[in-house]
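When a ligand or atom number is given, it counts from 1 through the structure's own listing order. What you see below is based on every heavy atom in this structure, not just the backbone, and it leaves out hydrogens, waters and symmetry mates. As the structure is a prediction and not an experimental result, all values here were calculated from the model.
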Amino acid sequence: MSKFAELKLGKQTYKLPIITGTEGEKAIDITNLRAESGLITFDPGFGNTGSCTSKITYIDGNKGILRYRGIPVDELAEKSTFVETAHLLIHNKLPSKCQLNSFSQLLTKHSLMHEDMRHFFDGFPRGSHPMYILSTMINALSAFYPNVDAESLKGDIDETAARLISIVRTFAAFAYKKSIGEPIVYPRHDLSYCANFLNMMFDSPVKPYEIDPEIVKALDRLLIIHADHEQNCSTSAVRVIGSAQVNIYSTISAGINALSGPLHGGANQAVISMLEGIVKRGGNVDKVIEKAKDKKNPFRLMGFGHRIYKTVDPRAKIIKQSCHDILEKLNINDPLLDVAMELEEKATNDEYFLSRNLYPNVDFYSGIIYRAIGIPSNMMTVMFALGRLPGWISQWKEMISTKGAKIARPRQIYKGRALTKYQAPQDC
Ligand code: SDX
């Protein structure tokens, strides 16, 4: 293929360079298009637009491939840990034993929140969605740790990355404890990342929480497969906000807010309410499938479809297997899993879904595991945020370290009124 694309406009021909990625994917570089031709491109939702080059995550949506820094996600899910994968994403290499140890020590050091922040939780109305609490608390870190602008972080990001990855667990668990009126449980220095989180969530002075290594491993695997996903909505939000040189805490807070949308990370909670609704109404999945196909109905099959994957999301395959393993281990027979599997079976044999390449995505089965572990549905998107934290941090770090990085500022095509004269307010 030629190194240039040619754009013919009237008598003018513009040569636009072709960029080729590691795996051969190609893009037309339009960086100078407007300067040379006066034209811009038009691509609502950016489905055909690359916002950056990146060395972090590779996805092939047709083949169902997902790799972090070149390593397939299923290998990491099987052999790595979430903390090790976080280091890989942020530092572009798997840590040595010493590096892993010092990163873990930083996570322990930063697992405690500033005691003055504890009172913030008293201010939230009971029943506040934990995603709103989380984004507020993460944003508030900017006030407690002010020196985190992009400049001061270009050098050593470890301290701040560890604070974010670690304290987000504490904020999440504290929000949960507050929501059920139980005393908060502090992080411990002697527990692994996920064991500490589970303990903060479920330990109680009257009923000590028994840490089950298989549940810890299942949660660790879930966080690994949520850790990054190239330029999805919330990561793009982090890059756009971060491009204005906003401090990292406020930038990550914006990512959390973007993730909370039901079309994005909020889908895992929406899947559970969809499955619960089906079970409550007698388990008839056909009705839900017909509703999802009805163009007049805004309802969509939650956990199905994806902007990039046009086959089964590789993460959904890993989670589905994990679902079976954990429910078997805990001897739980969850009707939601049966309904989910029947939905998948029917939808993936239905012309409407097949013709649009709609398959289960990461959110379709994840909520069933969280339920089995005891995590309530309104905490499920919080779990997605816990997993995605290292991805947001690594993407932000890559963006601020890019030479000549500019503030994100898309253009538009104006379709409003032509020049109009001002008119003073008319009599009523
Ligand atoms: C995540 O981007 C990422 O990487 C995100 C993520 C990550 O890790 O960060 O993977 C996490 O957000 C996963 C997606 C979770 N969201 C859901 O499960 C919500 C349900 N899914 C859909 O809303 C939808 O599939 C999206 C939002 C995920 C993708 O939407 P697109 O790419 O904009 O697709 P589209 O709206 O252009 O749909 C194409 C067609 C349309 O029908 P036609 O107009 O062609 O007739 O497919 C239909 C849509 O109506 N369609 C669905 C559907 N998803 C798309 N119809 C019914 N049910 C669905 N779920």
Side-chain angles (χ1 to χ4, degrees), residues 43-51 54 56-62 64-68 73 77 85 89 131 222-239 255-275 278 285 287-319 340 343-344 346-348 350-368 380-381 383-392 394-395:
D43 183 22
F46 310 121
N48 304 285
T49 297
S51 60
S54 177
I56 299 170
T57 291
Y58 173 69
I59 298 174
D60 180 322
N62 296 320
I65 292 173
L66 172 58
R67 298 180 198 145
Y68 298 157
V73 73
T85 298
L89 285 167
M131 281 297 271
L222 273 170
L223 296 186
I224 288 172
I225 63 175
H226 282 84
D228 193 56
H229 213 240
E230 56 134 284
Q231 305 313 314
N232 59 82
C233 179
S234 53
T235 298
S236 298
V238 164
R239 281 183 173 256
I256 293 171
N257 288 314
L259 186 72
S260 66
L263 293 189
H264 191 12
N268 57 16
Q269 180 177 349
V271 168
I272 292 298
S273 39
M274 175 180 76
L275 296 176
I278 294 171
V285 301
K287 262 197 189 149
V288 169
I289 288 181
E290 289 316 308
K291 205 168 100 177
K293 292 161 60 175
D294 177 359
K295 285 292 144 202
K296 292 190 287 305
N297 194 319
F299 172 77
R300 288 194 161 185
L301 201 56
M302 288 288 119
F304 251 73
H306 199 278
R307 175 63 59 82
I308 308 283
Y309 290 119
K310 300 309 166 195
T311 180
V312 180
D313 183 332
R315 301 167 296 178
K317 283 185 195 161
I318 299 169
I319 296 175
L343 253 184
E344 177 184 5
K346 291 199 170 169
T348 50
D350 181 296
E351 181 46 31
Y352 171 91
F353 293 90
L354 289 174
S355 62
R356 293 169 176 79
N357 298 311
L358 303 175
Y359 296 92
N361 60 47
V362 66
D363 293 310
F364 191 62
Y365 286 104
S366 54
I368 297 171
M380 292 177 182
T381 311
M383 300 311 297
F384 196 140
L386 259 65
R388 188 53 52 91
L389 232 312
W392 286 329
S394 59
Q395 297 273 351

Enquirer: So do the side chains of H226 and L222 get within less than 4.5 Å of each other, counting heavy atoms only?
Expert: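 Yes, close enough: below the 4.5 Å cut-off.
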Enquirer: With rounding to the nearest 0.5 angstrom, report the OG to CD distance, S54 to E230.
Expert: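 It is 8.0 Å, given to the nearest 0.5 Å.
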Enquirer: Determine if the distance from atom 33 (O) of ligand 1 to the closest protein heavy atom is below 4.0 Å.
Expert: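 Under 4.0 Å from atom 33 (O) of ligand 1, at least one protein heavy atom found.
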Enquirer: Contact between V271 and Y365 at the side-chain level, heavy atoms closer than 4.5 Å - yes or no?
Expert: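 The answer is no, as the side chains (C-beta and beyond) never meet within the 4.5 Å cut-off.
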Enquirer: Is any side-chain heavy atom of I224 less than 4.5 Å from a side-chain heavy atom of I318?
Expert: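 No. Closest side-chain heavy atoms not under 4.5 Å.
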Enquirer: What's the shortest distance from atom 4 (O) of ligand 1 to any protein heavy atom, and which residue and atom give it?
Expert: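 Nearest neighbour among protein heavy atoms for atom 4 (O) of ligand 1, to 0.1 Å: H229 ND1, 2.6 Å.
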Enquirer: Using a strict cut-off of less than 4.0 Å between a Lys/Arg side-chain nitrogen and an Asp/Glu carboxylate oxygen, indicate whether K293 and E290 qualify as a salt bridge.
Expert: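 A salt bridge is present here (some side-chain N lies under 4.0 Å from a carboxylate O).
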Enquirer: Taking salt bridge (charged side-chain N to carboxylate O under 4.0 Å, His left out) as the test, write out the residues that go with R239, two or more places apart.
Expert: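 So R239 forms a salt bridge (charged side-chain N to carboxylate O under 4.0 Å, His left out) with E398.
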Enquirer: How far does CG of L223 sit from CE of M383, to the nearest 0.5 angstrom?
Expert: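 The distance works out to 5.5 Å.
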Enquirer: Counting heavy atoms only, which part of E230 comes closer than 4.0 Å to ligand 1: side chain, backbone, both or neither?
Expert: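 Neither part.
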Enquirer: Relative to the heavy atoms of A267, which atoms of ligand 1 are at a distance of less than 4.0 Å?
Expert: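 Those qualifying, in numeric order: 15 (C), 16 (N), 17 (C), 18 (O).
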Enquirer: Among protein heavy atoms, which lies nearest atom 15 (C) of ligand 1, and at what distance?
Expert: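 Here the closest protein heavy atom is D363 OD2, 3.2 Å.
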Enquirer: Is the shortest side-chain heavy-atom distance between T348 and P360 below 4.5 Å?
Expert: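 Yes. Closest side-chain heavy atoms under 4.5 Å.
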Enquirer: If you have a sec, work out which protein heavy atom is nearest atom 16 (N) of ligand 1 and how many Å separate them, to one decimal?
Expert: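 The protein heavy atom lying closest is L263 O, 2.9 Å.
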Enquirer: Taking non-hydrogen atoms only, is Y359 closer than 4.0 angstrom to ligand 1 via side chain, backbone, both or neither?
Expert: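 For Y359, no heavy atom sits under 4.0 Å from ligand 1.
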Enquirer: Looking at every non-hydrogen atom in both residues, tell me the closest pair between A316 and N361 and how far apart they are.
Expert: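 Here A316 and N361 meet closest at CB-O, 3.5 Å.
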Enquirer: For R307, counting its heavy atoms only, list the atoms of ligand 1 lying under 4.0 Å from any of them.
Expert: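 Those qualifying, in numeric order: 29 (C), 31 (P), 32 (O), 33 (O).
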Enquirer: Measure from atom 37 (O) of ligand 1 to the protein's non-hydrogen atoms and state whether any distance is below 4.0 Å.
Expert: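 It does not; no protein heavy atom is within 4.0 Å.
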Enquirer: Could you tell me if any non-hydrogen atom of Y309 lies under 4.0 Å from any atom of ligand 1?
Expert: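 Outside the 4.0 Å threshold, so no.
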Enquirer: Suppose we measure from atom 28 (C) of ligand 1 to each protein heavy atom; which comes out shortest, and what is that distance?
Expert: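 It is G305 O, 3.7 Å.
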Enquirer: Of all the atoms in ligand 1, which lie at a distance below 4.0 Å from a heavy atom belonging to R388?
Expert: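 Near R388, meaning under 4.0 Å from one of its heavy atoms, ligand 1 has 7 (C), 8 (O), 9 (O).
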Enquirer: Please classify the N361 to ligand 1 contact at 4.0 Å (heavy-atom distances, strictly less than): side chain, backbone, both or neither.
Expert: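 Just the side chain.
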Enquirer: Name the option, out of R315, H306, R300, K293, that contains the heavy atom nearest to atom 3 (C) of ligand 1.
Expert: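 The residue whose heavy atom sits nearest atom 3 (C) of ligand 1 is H306.
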Enquirer: Do I56 and Y68 have side chains that get closer than 4.5 Å, going by heavy atoms?
Expert: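 No - every pair of side-chain heavy atoms lies 4.5 Å or more apart.
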Enquirer: According to side-chain hydrogen bond (donor to acceptor under 3.5 Å, both in side chains), does anything in residues 305-317 pair up with another residue at least two apart or in another chain? List the pairs.
Expert: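 Residue pairs passing side-chain hydrogen bond (donor to acceptor under 3.5 Å, both in side chains), neighbours aside: H229-Y309, H229-R315, D313-R315.
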Enquirer: Show which atoms of ligand 1 fall inside a sub-4.0 Å distance from at least one heavy-atom site of N232.
Expert: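 Within the 4.0 Å cut-off of N232, ligand 1 contributes 2 (O), 3 (C), 4 (O), 5 (C), 9 (O).
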Enquirer: Tell me: protein heavy atom nearest atom 47 (O) of ligand 1, and distance?
Expert: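 Residue, atom and distance for the closest contact: R356 CD, 3.5 Å.
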Enquirer: Would you indicate which of L301, D294, V288 comes nearest to atom 59 (C) of ligand 1 when only heavy atoms are counted?
Expert: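 Minimum heavy-atom distance to atom 59 (C) of ligand 1 goes to L301.
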Enquirer: Check each heavy atom of L358 against ligand 1 and say whether those closer than 4.0 Å belong to the side chain, the backbone, both or neither.
Expert: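 Side chain only; the backbone of L358 stays clear of ligand 1.
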Enquirer: For the residue pair F299 and D294, establish whether any side-chain heavy-atom pair is separated by less than 4.5 Å.
Expert: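 No, their side chains stay 4.5 Å or more apart.
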Enquirer: Measure the distance from atom 42 (O) of ligand 1 to every protein heavy atom, then report the residue, atom name and distance (to 0.1 Å) of the closest one.
Expert: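 So the nearest neighbour among protein heavy atoms is K295 NZ, 3.1 Å.
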Enquirer: Distance under 4.0 Å to a non-hydrogen atom of G303: what atoms of ligand 1 satisfy this?
Expert: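 Counting atoms of ligand 1 from 1, those under 4.0 Å from G303 are 17 (C), 18 (O).
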Enquirer: Quick one: are I272 and M380 in side-chain contact, heavy atoms under 4.5 Å?
Expert: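 Yes, their side chains come closer than 4.5 Å.
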Enquirer: For atom 11 (C) of ligand 1, is some protein heavy-atom partner under 4.0 Å away?
Expert: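 Flag for atom 11 (C) of ligand 1 set to true, protein heavy atom closer than 4.0 Å.
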Enquirer: Pick whichever of Y352, F304, F299 has a heavy atom sitting closest to atom 48 (C) of ligand 1.
Expert: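 Checking each option, the heavy atom nearest atom 48 (C) of ligand 1 is found in Y352.
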